[in-house]
Amino acid sequence: MKRFGYLRDPLCVTACGLYVLNFFWLRRSVGGPLFRGQFNDLLLIPAALPPALWVQRKLGLRPDDRNPRWSEIALHLVAWSVAAEMVAPHLFARATGDWRDIVAYSFGAVVAGCWWQGGSLS
């Protein structure tokens with residue numbers, strides 16, 4: 001069994017690079033609703049899940065170094081959606097809850113899950 005690369009995972013590295021590219025250049029230069037709105041939300045699971053799983057592994061909360069399981073992806077998707085779109089708007093004046101963000105998180109999660117599971121939805 002091949003070990004999951006966590007922070008070295010190619011999808012994670014690509015998603016983090018695209019996030020930085022969008023933050024500093026695309027949304028200002030290219031513009032448009034996608035790059036100003038949900039593009040970074042698409043990258044949430046592919047960019048943030050591998051470091052979260054690495055921390056869980058180091059703390060002994062993750063039993064092995066397999067690729068992320070659908071159950072792990074779903075758990076983090078739900079937790080981050082609730083935190084960012086339901087809790088944060090009540091705590092921070094600049095935060096707003098938006099169902100479109102959750103759709104983007106979910107789409108990114110499905111793409112990432114298929115990547116990590118070798119193209120399989122099972």
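Just so you know, these numbers come straight off a predicted model, no measurement behind them.
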Item to complete: Working to the nearest 0.5 Å, report the span between SG of C12 and CH2 of W115.
Response: 12.0 Å

Worksheet item: I73, L61: one ILVMFWY side-chain cluster at the under-4.5 Å cut-off?
Response: yes

Worksheet item: Is any side-chain heavy atom of W116 closer than 4.5 Å to a side-chain heavy atom of I45?
Response: yes

Worksheet item: If we only count heavy atoms from C-beta on, is the P50 to F4 side-chain gap below 4.5 Å?
Response: yes

Worksheet item: If you group Ile, Leu, Val, Met, Phe, Trp and Tyr by side-chain heavy-atom gaps below 4.5 Å, do Y105 and W99 land in one group?
Response: no

Discussion item. For residues 73-88, which residue pairs pass the salt bridge (Lys or Arg N to Asp or Glu O under 4.0 Å) check, not counting sequence neighbours?
Written reply: none

Fill in: Side-chain donor or acceptor of R100 paired with backbone N/O of Q38 under 3.5 Å
no

Fill in: Gap separating the CG atom of L18 from the CG atom of L11, nearest 0.5 angstrom
9.5 Å

Worksheet item: In Å, rounded to the nearest 0.5 Å, how long is the span from CZ of F107 to CG of L77?
Response: 13.5 Å

Item to complete: Search all heavy atoms of L53 against all heavy atoms of H76 and return the closest pair with its distance.
Response: CD2-CE1, 4.0 Å

Fill in: Interatomic distance, I102 atom CD1 to W80 atom CH2 [nearest 0.5 angstrom]
14.5 Å

Worksheet item: Does a side-chain N-to-carboxylate-O contact under 4.0 Å join R3 and D9?
Response: no

Discussion item. Measuring from atom CZ of F24 to atom OH of Y19, what distance do you get when rounded to the nearest 0.5 angstrom?
Written reply: 9.0 Å

Discussion item. I want to check something: taking the side chain as every heavy atom from C-beta on, are V111 and P46 in contact at a cut-off of under 4.5 Å?
Written reply: no

Worksheet entry | Note, L44 side chain near N40 side chain (heavy atom, < 4.5 Å) | no

Worksheet item: Considering only heavy atoms from C-beta outward, does the side chain of E72 approach that of L75 to under 4.5 Å?
Response: no

Worksheet entry | Test item: R62 and R69 side chains (from C-beta on) under 4.5 Å apart, heavy atoms | yes

Fill in: Side-chain heavy atoms of Y6 within contact of D65, under 4.5 Å
yes

Discussion item. For Q117 and N67, which I'm curious about, is there any donor-acceptor pair between the side chains at under 3.5 Å?
Written reply: no

Fill in: Closest heavy-atom pair and its distance - P89, G97
CG-N, 3.4 Å

